[in-house]
Peer 1: 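Right, I'll just put the structure down here and ask away after.
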Amino acid sequence: AEYMGFKIRAGVEFHDGKTVTAEDVVATLKRHTDEKSQSGALGIVQGISEMKAEGDMVTLKLAAGNADLPFLMADYHLIIQPGGGVGAEAAGIGAGPYKVVSNEPGVRHAFEKHANY
């Protein structure tokens with residue numbers, strides 16, 4: 001397929017209480033396409049030639065067909081963050097079942113249940 005679309009579920013909240021939007025998804029993907037970001041997901045997103053958010057839809061135009069892309073989008077490097085995580089990549093704000101309470105690399109990581117998951 002030349003295009004792939006992903007519908008963003010309504011009412012999903014980030015750990016900071018903001019609502020997840022299609023714009024957040026596109027901003028996150030765009031951040032990972034920047035070679036200066038040294039993203040571990042660069043190889044996944046390099047095959048995406050265009051990205052756009054329209055309402056609750058994210059549409060990706062692919063440089064070449066990639067039937068594995070929906071599976072690859074679940075890569076742990078591609079955690080969707082508010083505003084794409086630009087400038088706050090290590091803030092630990094996501095929308096998963098647990099939110100980061102303490103992040104001390106090499107020492108400990110502590111999490112608590114995300115009440116609105």
Peer 1: In the hydrophobic cluster built from side-chain contacts under 4.5 Å, what are the other members alongside V100?
Peer 2: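 Besides V100, the hydrophobic cluster comprises Y98, F111, listed by chain and residue number.
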Peer 1: Considering residues at least two apart in sequence or located in another chain, which fulfil the ring pair (Phe, Tyr, Trp, His ring centres under 6.0 Å) criterion with H32?
Peer 2: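 Here no residue qualifies.
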Peer 1: Of all residues at least two apart in sequence or in a different chain, which pass the side-chain hydrogen bond (donor to acceptor under 3.5 Å, both in side chains) check with H114?
Peer 2: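 H114 satisfies side-chain hydrogen bond (donor to acceptor under 3.5 Å, both in side chains) with no other residue.
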Peer 1: Determine, stepwise, if the pair L62 / Y3 fulfils side-chain contact (heavy atoms from CB on, under 4.5 Å).
Peer 2: CA-CA 6 Å; L62 307 180; Y3 290 91; over 6 Å; no
Peer 1: Quick one: side-chain contact (heavy atoms from CB on, under 4.5 Å) partners of A88, sequence neighbours excluded?
Peer 2: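 A88: side-chain contact (heavy atoms from CB on, under 4.5 Å) contacts with A91.
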Peer 1: Look at the side-chain heavy atoms of Ile, Leu, Val, Met, Phe, Trp and Tyr, link any pair under 4.5 Å apart, and say whether L72 and L29 land in one connected group.
Peer 2: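 Linked within one cluster.
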Peer 1: Do any side-chain atoms of residues 44-56 form donor-acceptor pairs under 3.5 angstrom with protein atoms, and if so which ones, sequence neighbours left out?
Peer 2:
from	atom 1	to	atom 2	distance (Å)
S49	OG	K61	O	3.1
D56	OD2	K7	NZ	3.4

Peer 1: Does the side chain of F6 come within less than 4.5 Å of L60's, by heavy atoms?
Peer 2: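 Side chain of L60 against side chain of F6, heavy atoms only: contact under 4.5 Å found.
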Peer 1: In chain order, what residues pass the side-chain hydrogen bond (donor to acceptor under 3.5 Å, both in side chains) check against N66, with sequence neighbours excluded?
Peer 2: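 For N66 there are no side-chain hydrogen bond (donor to acceptor under 3.5 Å, both in side chains) partners, ignoring immediate neighbours.
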Peer 1: Is there a path of hydrophobic side-chain contacts, each under 4.5 Å between heavy atoms of I, L, V, M, F, W or Y residues, that connects F14 with V12?
Peer 2: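 Same hydrophobic cluster.
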Peer 1: One pair to check against side-chain contact (heavy atoms from CB on, under 4.5 Å): L42 and E35. What are the steps and the verdict?
Peer 2: CA-CA 7 Å; L42 184 60; E35 292 192 19; 3.8 Å; yes
Peer 1: Report all side-chain donor-acceptor pairs from residues 17-27 shorter than 3.5 Å, counting only partners two or more places apart or in another chain.
Peer 2:
from	atom 1	to	atom 2	distance (Å)
T21	OG1	E23	N	3.3
T21	OG1	E23	OE1	3.4
T21	OG1	D24	N	3.1
T21	OG1	D24	OD2	3.0
D24	OD1	G83	N	2.8
D24	OD2	T21	N	3.0

Peer 1: According to salt bridge (Lys or Arg N to Asp or Glu O under 4.0 Å), does anything in residues 107-117 pair up with another residue at least two apart or in another chain? List the pairs.
Peer 2: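 Every pair satisfying salt bridge (Lys or Arg N to Asp or Glu O under 4.0 Å) with a residue in residues 107-117: K99-E112, E104-R108.
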Peer 1: What pairs of residues pass the salt bridge (Lys or Arg N to Asp or Glu O under 4.0 Å) test when at least one of them lies in residues 36-47, not counting sequence neighbours?
Peer 2: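 Passing the test, one end in residues 36-47: no pairs.
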Peer 1: Please identify each residue that fulfils side-chain contact (heavy atoms from CB on, under 4.5 Å) with Q38, with sequence neighbours left out.
Peer 2: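 With neighbours one apart ignored, the set is empty.
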Peer 1: Without placing hydrogens or testing angles, list every side-chain donor-acceptor pair under 3.5 Å for residues 75-82, not counting sequence neighbours.
Peer 2:
from	atom 1	to	atom 2	distance (Å)
D75	OD2	H77	N	2.8
D75	OD2	H77	ND1	2.6
Q81	OE1	R31	NH2	2.6
Q81	NE2	E89	O	3.2

Peer 1: Please report the shortest heavy-atom distance between G96 and Y117, naming the atom on each side.
Peer 2: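 Scanning both residues completely, I find the closest heavy atoms to be C-CD1, 3.4 Å.
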Peer 1: How long is the straight-line distance from CG of N116 back to CD of E13, given to the nearest 0.5 Å?
Peer 2: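 It comes to 4.0 Å.
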Peer 1: Restricting to pairs with a member in residues 37-48, which pass salt bridge (Lys or Arg N to Asp or Glu O under 4.0 Å), not counting sequence neighbours?
Peer 2: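 For residues 37-48, and leaving out neighbouring residues, there are no salt bridge (Lys or Arg N to Asp or Glu O under 4.0 Å) pairs at all.
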Peer 1: For H15 and P97, indicate whether the former's side chain and the latter's backbone hold a donor-acceptor pair under 3.5 Å.
Peer 2: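 The answer is no, because no donor-acceptor pair under 3.5 Å joins these two groups.
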Peer 1: Honestly curious: do V86 and V58 fall in one hydrophobic cluster under the side-chain, below-4.5 Å linking rule?
Peer 2: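 Cluster IDs for V86 and V58 differ.
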